[in-house]
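Quick note: residue numbers are just sequence positions, from 1.
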Amino acid sequence: MPLKQSDCFSINKKYWTLIGIYSTIDSKMYIWYSRIVLFIFIFFYDTLSTLNFYYVPRDLDHFIEELIFYFTELSVISKVLTYILMRESITKILCVLDSEKFEPDTEKGIAITTAAMKFNIKYWRIVAFASYFSHLIHILSPLIAHLSLSVPLVLPLCSYSFLTESFKERFIYPLYTYQCLGMHAHMLCNLNIDTFFLGLMIFTIAQLEILDDKLVTLTNISQLPNSKAGDRNNSNINELEFEKNLNKCVKQYLEISQFCDLVEDVFSITLFLQFGIASCIICVCLFRFTLPAPIQYYMFLASYMFVMTIQIAVPCWFGTRIIVKSSLLSQAIYNCDWTPRPRRFKSTMRLFVERANRPLSVTGWKMFPLSLNTFTSIMNSAYSFFTLLRYMQTREH
């Protein structure tokens, strides 16, 4: 029974449908549901956060407090717009995963693909736990303190400084509920879009591992299709089979390369924005640790910064894996018994090696590749911005 690789994204697709960014449902009722949810909890929600900056007191401490979530909101908007504008391309990606050309045809290939699917499901659960933990601590701890200790309830996202204090005090519960629901929608977008993108990278690595195994065993007679015993000993027939298998490997490599290009076309701008502002998010969180706050807020801040760091660290790690795995293909083919092969086999092999010497990668708007070097640069930038903010803070005081 063929593996349906997109099945490991079934939970992602359910949440996409819930928050209205992508669905296979074409009914008018769902289209209106999607528009209303996105407008209320994404676009209008972020517009209010933007408007709030105009009325925020002009001092660094207040400004930083309001910035903690705002950069994340900008990143989420880019992801939502990507899903709205690139709907057909995302459907094409899912179809490619389930197509015959990505279907493993060996026992080892099936094992590699199955392991990739299991990893994607496990990774979603880990990120979901961390995200929900951070989210619930942030929204429930102030509410519990308010109800049990009569502490004034403060809005969890931003202060909505454009509203009067009397209005906010009167409608504090509806405003608090709205911000919590908006934060939850943003969290679900981040969780289910980021884990989907990472899953595509995992499947790319799996395909490269399958191709690597095929190249190593390319000239093994045991790998030839079943035929008559006399045919197995016939060198001409064997050479034709070896050449046919090599051409299949070249074709598979091109299909993997095209898949990488398709993924990059869909997520390139989103990656550029997410990684571009990642250093700002980490910097703001680091700076907020230097300001006074209740212990539960520090717990939230630590978990939030951990999730934000994971969002860029893990794709960079697997981006490096793609670069390394694809570059090793040019060496893997030399592990087969290629020296006694005919000239045509060697010519095809030489062309493959030339192409494989340019490793595959996923880039952010053609500006930077997803790699550990990129992650290191982002963390260095975050610390540099943090030290600058600390210097500005000491000058103010």
Side-chain angles (χ1 to χ4, degrees), residues 3-47 72-99 102 116-117 119-128 131-132 135 181-204 258-275 307 311 314-315 318 362 364-365 370:
L3 288 174
K4 193 173 181 182
Q5 298 179 46
S6 65
D7 282 350
C8 67
F9 298 124
S10 59
I11 187 69
N12 298 71
K13 288 187 276 190
K14 289 178 182 178
Y15 277 109
W16 294 348
T17 302
L18 176 65
I19 55 185
I21 58 175
Y22 178 91
S23 179
T24 55
I25 303 173
D26 291 328
S27 67
K28 290 184 178 179
M29 183 176 295
Y30 178 78
I31 292 173
W32 277 107
Y33 164 81
S34 172
R35 290 174 179 175
I36 292 171
V37 169
L38 290 177
F39 174 76
I40 294 176
F41 296 112
I42 302 295
F43 297 111
F44 182 67
Y45 184 88
D46 293 344
T47 300
T72 305
E73 292 172 17
L74 295 179
S75 178
V76 168
I77 281 188
S78 71
K79 294 172 186 178
V80 170
L81 291 176
T82 294
Y83 268 63
I84 293 174
L85 300 176
M86 296 286 189
R87 176 187 170 90
E88 293 182 2
S89 296
I90 292 171
T91 302
K92 186 177 179 181
I93 288 174
L94 294 170
C95 290
V96 170
L97 285 178
D98 295 332
S99 65
F102 267 29
M117 294 173 67
F119 178 86
N120 287 337
I121 295 172
K122 185 182 296 184
Y123 180 75
W124 184 93
R125 290 173 179 169
I126 294 172
V127 178
S131 300
Y132 272 98
H135 176 65
L181 291 175
M183 288 176 63
H184 192 69
H186 282 67
M187 183 268 290
L188 291 179
C189 284
N190 266 330
L191 166 63
N192 293 286
I193 294 176
D194 289 348
T195 53
F196 173 66
F197 172 73
L198 184 80
L200 299 180
M201 298 181 74
I202 297 298
F203 279 129
T204 302
Q258 291 170 1
F259 181 74
C260 274
D261 291 340
L262 178 60
V263 172
E264 185 177 299
D265 289 342
V266 173
F267 294 98
S268 181
I269 297 177
T270 295
L271 289 172
F272 175 78
L273 292 175
Q274 178 169 327
F275 280 72
V307 171
Q311 276 189 346
V314 176
F318 286 108
V362 179
W365 213 5
L370 297 192

Side-chain heavy atoms of Tyr132 within contact of Leu188, under 4.5 Å: yes
Test item: Ser78 and Ile269 side chains (from C-beta on) under 4.5 Å apart, heavy atoms: no
I need the minimum non-hydrogen distance between Phe275 and Leu370, along with the two atoms involved. CZ-CD2, 3.7 Å
I'd like to check Ile21 versus Lys79 (side-chain heavy atoms, cut-off strictly below 4.5 Å). Are they in contact? no
Okay, side chain of Asn12, backbone of Thr195: is any donor-acceptor separation there less than 3.5 Å? no
Is there side-chain contact between Lys122 and Ile126, with at least one heavy-atom pair below 4.5 Å? yes
CH2 (Trp16) and CD1 (Ile11) are apart, to the nearest 0.5 Å, by 11.5 Å
If I take atom CZ from residue Phe259 and atom CG from residue Leu97, how far apart are they, to the nearest 0.5 angstrom? 4.5 Å
If you take all heavy atoms of Tyr45 and Glu73, which pair is closest and at what distance? CE2-OE2, 4.0 Å
Neighbour count above 12 (heavy atom, 6.0 Å) for Arg125 CZ: no
Approximate separation, where rounding is to 0.5 Å, of Ile19 CD1 and Met187 CE: 10.0 Å
Roughly how far apart are Leu262 CG and Ile90 CD1, rounded to 0.5 Å? 9.5 Å
Any idea which heavy atoms bring Leu191 and Ala128 closest together, and the distance? CD1-N, 3.6 Å
Could you check if a side-chain atom of Pro315 sits within less than 4.5 angstrom of a side-chain atom of Leu271, using non-hydrogen atoms only? no
Do Asn120 and Phe203 have side-chain heavy atoms sitting under 4.5 Å apart? yes
For the residue pair Cys8 and Met117, what are the closest heavy atoms and their distance? CB-O, 3.8 Å
I need the Asp265 CG to Thr82 OG1 distance, nearest 0.5 Å. 12.0 Å
Are any side-chain N or O atoms of Thr204 and backbone N or O atoms of Leu200, one a donor and one an acceptor, separated by less than 3.5 Å? yes
Parallel, tilted or perpendicular for Phe119 and Tyr123, by the 30°/60° rule? parallel
So do Leu94 and Tyr22 actually touch side chain to side chain, heavy atoms under 4.5 Å? yes
Carefully, step by step, assess Val362 and Phe267 under the rule side chain to side chain contact (heavy atoms under 4.5 Å, CB included). CA-CA 9 Å; Val362 179; Phe267 294 98; over 6 Å; no
Nearest 0.5 Å please: distance from the OH atom of Tyr33 over to the CG atom of Leu18. 4.5 Å
Minimum heavy-atom distance between Gln311 and Asp194, given as atom pair plus value: NE2-OD2, 2.8 Å
I need the minimum non-hydrogen distance between Phe41 and Ala185, along with the two atoms involved. CB-CB, 4.0 Å
Can you spot which of Phe196, Trp124, Phe197 makes a ring-ring contact (aromatic ring centres under 6.0 Å, His included) with Phe9? Phe196
Are more than 12 heavy atoms from other residues, nucleotides or ligands located less than 6.0 Å from atom NZ of Lys92? no
Mind checking whether His186 and Asp46 have side chains closer than 4.5 Å, heavy atoms only? yes
